[in-house]
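Remarks on the structure that follows.
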Amino acid sequence: MVYLIKHENARSWLNFARNKEMKNVTVIGAGTMGNGIAHVFALGGFRVVLCDISPVALEKALSTIDRNMNRMIEKQKITQEAKDSALSNLTTNTLIAEAVREADLVVEAATENIELKLNIFRKIDQHSPSHALLATNTSSISITKIAGVTSRPSQVIGMHFMNPVPVMKLVEVIRGFSTSDEVCHTIMELSRKLEKTPVEVNDYPGFVSNRILMTMINEAIYTLYEGVGNVSEIDGIMKWGMAHPMGPLQLADFIGLDVCLSILKVIHDGFGNPKYAPCPLLVNMVNAGQLGVKTGAGFYLHKGHGQELEVNPKFAHLLS
Ligand code: CAA
């Protein structure tokens with residue numbers, strides 16, 4: 001019976017793919033990643049429904065999208081007409097069942113919590129058309145595991161965008177164990193239509209992006225923890241020596257130290273290799289609620305837009 005449903009869904013998707021163009025995209029979650037993803041799909045000419053249980057989060061997301069599109073107009077990257085057309089294609093909804101009803105593609109960008117994501121995928125699977133592709137923007141949770149709670153695992157895939165989504169070129173396209181070749185090909189093509197550069201990888205802990213990035217960030221935190229260098233020196237070395245736009249400690253603050261810790265735990269648990277063990281300093285900072293930009297303090301103090309970054313005085317004793 002389960003096999004028949006899976007087979008039926010896959011046939012429905014292939015039928016759709018042969019005869020129609022993908023037009024309707026639903027983005028679940030209106031946080032930093034969700035609003036950025038809705039922004040790029042709306043500018044790419046898709047009809048977008050942005051869905052979040054919180055009306056306040058939706059309001060905030062719309063004003064962020066408006067501000068970021070104005071920024072792009074000022075930099076002459078898009079025209080006023082392109083912005084108007086994108087915004088006219090963008091609606092919001094607080095109910096998943098309604099938001100996904102006409103979706104050709106759903107991109108989930110909710111909080112990085114496995115139970116939450118599995119529940120969302122059960123709901124999306126139940127209420128979206130059988131031809132719809134289901135993507136997740138997870139930064140570390142197994143695509144195969146998420147696909148396993150749906151009746152269409154061959155149509156489930158990872159679309160891992162980078163923050164800030166309107167600026168960063170990469171979409172890490174992650175094939176789950178059962179993702180079909182056709183679905184993968186479609187998502188690669190779709191990402192190119194968004195003027196992104198997609199790169200295809202397989203579903204193992206941390207995929208490629210975060211397995212490398214989080215290991216670097218963790219190692220940077222270890223060099224601070226061991227007193228090899230202080231915050232400014234460690235970041236300066238990577239900025240001026242390796243041409244990174246921001247140093248690893250500033251980037252960790254930007255991503256969120258809680259997010260970094262949770263991704264490292266997935267990689268550490270997934271491979272069982274001590275080289276991925278999160279640095280005790282990172283664990284302490286998360287326990288202390290110093291999570292980076294979102295709480296105003298991490299390796300740096302973040303005092304708001306346009307303000308100079310200042311190293312967290314907690315590390316001042318290492319400055320001499
Ligand atoms: N929307 C639209 N445009 C934006 C934007 C946004 N949200 N944020 C920045 N920009 C644009 C600016 O207008 C500016 O455009 P121009 O180059 O045409 O002038 C450009 O981006 C650079 O912005 P700023 O001048 O304001 O600031 P900056 O030069 O310091 O760059 C940055 C900011 C792009 C964030 C840069 O510091 C950077 O690339 N940092 C690293 C980001 C990174 O590594 N992201 C990946 C994080 S990991 C992740 O997301 C995945 C995960 O799973 C953890």
Side-chain angles (χ1 to χ4, degrees), residues 29-44 60-78 82-83 86 107-113 117 135-143 158-174 194-197 199 201 203 205-218 220 235-236 238-240 242-267 278 282 291-294 298 300 302 304-309:
T32 308
M33 297 308 284
N35 81 57
I37 294 168
H39 170 131
V40 295
F41 273 106
L43 271 182
K60 200 171 153 214
L62 288 182
S63 88
T64 304
I65 292 171
D66 188 72
R67 199 173 56 244
N68 283 336
M69 285 191 184
N70 284 343
R71 191 194 324 222
M72 294 175 87
I73 293 173
E74 277 161 30
K75 304 263 163 145
Q76 299 186 332
K77 287 185 178 160
I78 60 168
K83 176 190 169 191
V107 184
E108 171 274 324
T111 310
E112 197 72 355
N113 169 306
K117 285 201 195 276
T136 171
N137 180 58
T138 181
S139 48
S140 62
I141 295 169
S142 160
I143 310 303
M159 266 187 111
H160 186 202
F161 291 84
M162 303 291 132
N163 186 22
V165 180
V167 180
M168 307 305 280
K169 281 291 176 202
L170 176 69
V171 180
E172 187 177 27
V173 174
I174 306 127
L194 300 175
E195 296 182 11
K196 298 291 182 199
T197 306
V199 178
V201 303
D203 182 24
F207 318 129
V208 169
S209 59
N210 276 326
R211 181 160 163 196
I212 297 173
L213 176 63
M214 290 303 154
T215 308
M216 178 187 72
I217 286 176
N218 200 35
D235 274 356
M238 298 308 284
K239 274 197 295 190
W240 303 311
M242 289 27 160
H244 290 196
M246 44 171 77
L249 300 175
Q250 188 187 349
L251 183 54
D253 275 6
F254 179 65
I255 292 167
L257 300 194
D258 52 340
V259 176
C260 293
L261 178 60
S262 114
I263 298 172
L264 274 165
K265 281 182 176 163
V266 170
I267 300 172
L282 173 63
L291 308 181
V293 176
K294 64 181 140 188
Y300 295 87
H302 303 272
H305 251 2
Q307 303 275 340
E308 278 278 302
L309 270 186

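Whatever order the structure lists them in is the order used to number ligands and atoms, beginning at 1. As the structure is a prediction and not an experimental result, all values here were calculated from the model.
- Residue-level proximity to ligand 1 for His39 is absent, since no heavy atom of it falls below 4.0 angstrom.
- Annotation for ligand 1: atoms under 4.0 Å from non-hydrogen atoms of Ser139 are 53 (O).
- Near Asn68, with a cut-off below 4.0 Å to any heavy atom, the atoms of ligand 1 are 1 (N), 6 (C), 7 (N).
- For atom 28 (P) of ligand 1, the nearest protein heavy atom is 4.0 Å or more away.
- Put simply, atom 49 (C) of ligand 1 has protein non-hydrogen atoms near it, under 4.0 Å away.
- Only the side chain of Met168 comes within contact range of ligand 1, with a heavy atom under 4.0 Å; no backbone atom does.
- Remark: minimum distance from atom 44 (O) of ligand 1 to any protein heavy atom is reached at Leu251 CD1, 3.5 Å.
- Checking atom 7 (N) of ligand 1 against the protein gives a heavy-atom contact under 4.0 Å.
- There is a protein heavy atom closer than 4.0 angstrom to atom 40 (N) of ligand 1.
- Atom 46 (C) of ligand 1 is flagged as protein-proximal [any protein heavy atom, distance under 4.0 Å].
- The presence of a protein heavy atom under 4.0 Å from atom 24 (P) of ligand 1 is ruled out.
- Looking at Leu213 against ligand 1, only its side chain comes within 4.0 Å, counting heavy atoms.
- Remark: atom 3 (N) of ligand 1 lies closer than 4.0 Å to at least one protein heavy atom.
- With respect to atom 21 (O) of ligand 1, the closest heavy atom belonging to the protein is Val167 CG2, 3.6 Å.
- Using a 4.5 Å heavy-atom cutoff, the side chains of Ile255 and Met214 are in contact.
- In this structure, atom 15 (O) of ligand 1 has a protein heavy-atom contact shorter than 4.0 Å.
- Proximity of Val165 to ligand 1, defined as any heavy-atom pair under 4.0 Å, is not found for any part of the residue.
- Here is the list of ligand 1 atoms found below 4.0 Å of a heavy atom in Pro166: 1 (N), 2 (C).
- Among Arg71, Met214, His160, the residue whose heavy atom sits closest to atom 12 (C) of ligand 1 is Arg71.
- Asp253 and His302 share a side-chain donor-acceptor pair at under 3.5 Å.
- Within ligand 1, counting atoms from 1 as listed, the ones closer than 4.0 Å to a heavy atom of Asn210 are 52 (C), 53 (O), 54 (C).
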query = Lys117 and Glu112: salt bridge (Lys or Arg N to Asp or Glu O under 4.0 Å), yes or no, with the steps?
reply = CA-CA 7 Å; Lys117 285 201 195 276; Glu112 197 72 355; 3.4 Å; yes

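- Of all the heavy atoms of Asn163, the ones lying under 4.0 Å from any atom of ligand 1 are found in both the backbone and the side chain.
- Residue contact check: Lys77 has heavy atoms under 4.0 Å from atoms 15 (O), 16 (P), 18 (O) of ligand 1.
- With a 4.0 Å heavy-atom cut-off, ligand 1 is reached by no atom of Met33.
- To the nearest 0.5 angstrom, Met168 atom CE is 8.0 Å from Met162 atom CE.
- Residues Ser139 and Met33 are not in side-chain contact: their nearest non-hydrogen atoms beyond the backbone lie 4.5 Å or more apart.
- Of all protein heavy atoms, the one lying nearest to atom 37 (O) of ligand 1 is Met246 CE, 3.4 Å.
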